[in-house]
Enquirer: 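A single structure is presented below for examination.
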Amino acid sequence: MIKDNDIIETLAELEAFLLLVEKGGLGFTNVEGVALATHNSNGRPFIAVLDDKHQLLHGRWVSQDVYENGKDIVRYGVKKRH
């Protein structure tokens, strides 16, 4: 499911990952959304990149802090810096 062992540890890393997905930097097509979730078997938190059929295209592990505090960033998007 998640082959990448790099963990998104900070909210800044989460924002950078979301911008990468938004700009097509991972090369996926049919990206419809992202979601924070927990793995069914071990409860470990991750961010999921979903396609237009809500199927997992890519996942990255996130720290517990990012999972708890990054929900608004995932829900509303990365705020533009002035």
Enquirer: Considering only heavy atoms from C-beta outward, does the side chain of Tyr67 approach that of Ile47 to under 4.5 Å?
Expert: no

Enquirer: Is any side-chain heavy atom of Phe17 closer than 4.5 Å to a side-chain heavy atom of Leu26?
Expert: yes

Enquirer: Do His58 and Phe28 come within less than 4.5 Å of each other through their side chains, counting heavy atoms only?
Expert: yes

Enquirer: Looking at every non-hydrogen atom in both residues, tell me the closest pair between Ile8 and Arg60 and how far apart they are.
Expert: CG1-NH2, 3.6 Å

Enquirer: Checking Ser63 side chain against Glu9 main chain: does a donor-acceptor pair fall under 3.5 Å?
Expert: yes

Enquirer: Students often mix this up, so state it plainly: with edges at 30° and 60°, are the rings of His39 and Trp61 parallel, tilted or perpendicular?
Expert: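 Because their plane-to-plane angle lies in the 30° to 60° range, the rings of His39 and Trp61 count as tilted.
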
Enquirer: Walk me through whether Val66 and Lys71 qualify under side-chain contact (heavy atoms from CB on, under 4.5 Å).
Expert: CA-CA 8 Å; Val66 168; Lys71 293 175 183 175; over 6 Å; no

Enquirer: Let me confirm one number: the CG-CD distance from Leu18 to Glu22, rounded to the nearest 0.5 Å.
Expert: 8.0 Å

Enquirer: Contact between Leu57 and Leu50 at the side-chain level, heavy atoms closer than 4.5 Å - yes or no?
Expert: no

Enquirer: Do Glu32 and Val49 have side chains that approach each other closer than 4.5 Å (heavy atoms only, starting at C-beta)?
Expert: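 Not in contact.
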
Enquirer: Run through Asp52, Val21, Asp51 and flag the one making a side chain to side chain contact (heavy atoms under 4.5 Å, CB included) with Val31.
Expert: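 Result for side chain to side chain contact (heavy atoms under 4.5 Å, CB included) with Val31: Val21.
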
Enquirer: A side-chain contact here means heavy atoms from C-beta on lying under 4.5 Å apart; do Ile73 and Leu11 qualify?
Expert: yes

Enquirer: Between atom CG of Asn69 and atom CD of Gln64, what is the distance when rounded to the nearest 0.5 Å?
Expert: 9.5 Å

Enquirer: With side chains defined as the heavy atoms from C-beta onward, is the minimum distance between Val74 and Leu14 less than 4.5 Å?
Expert: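 Heavy-atom side-chain distance check passes, below 4.5 Å.
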
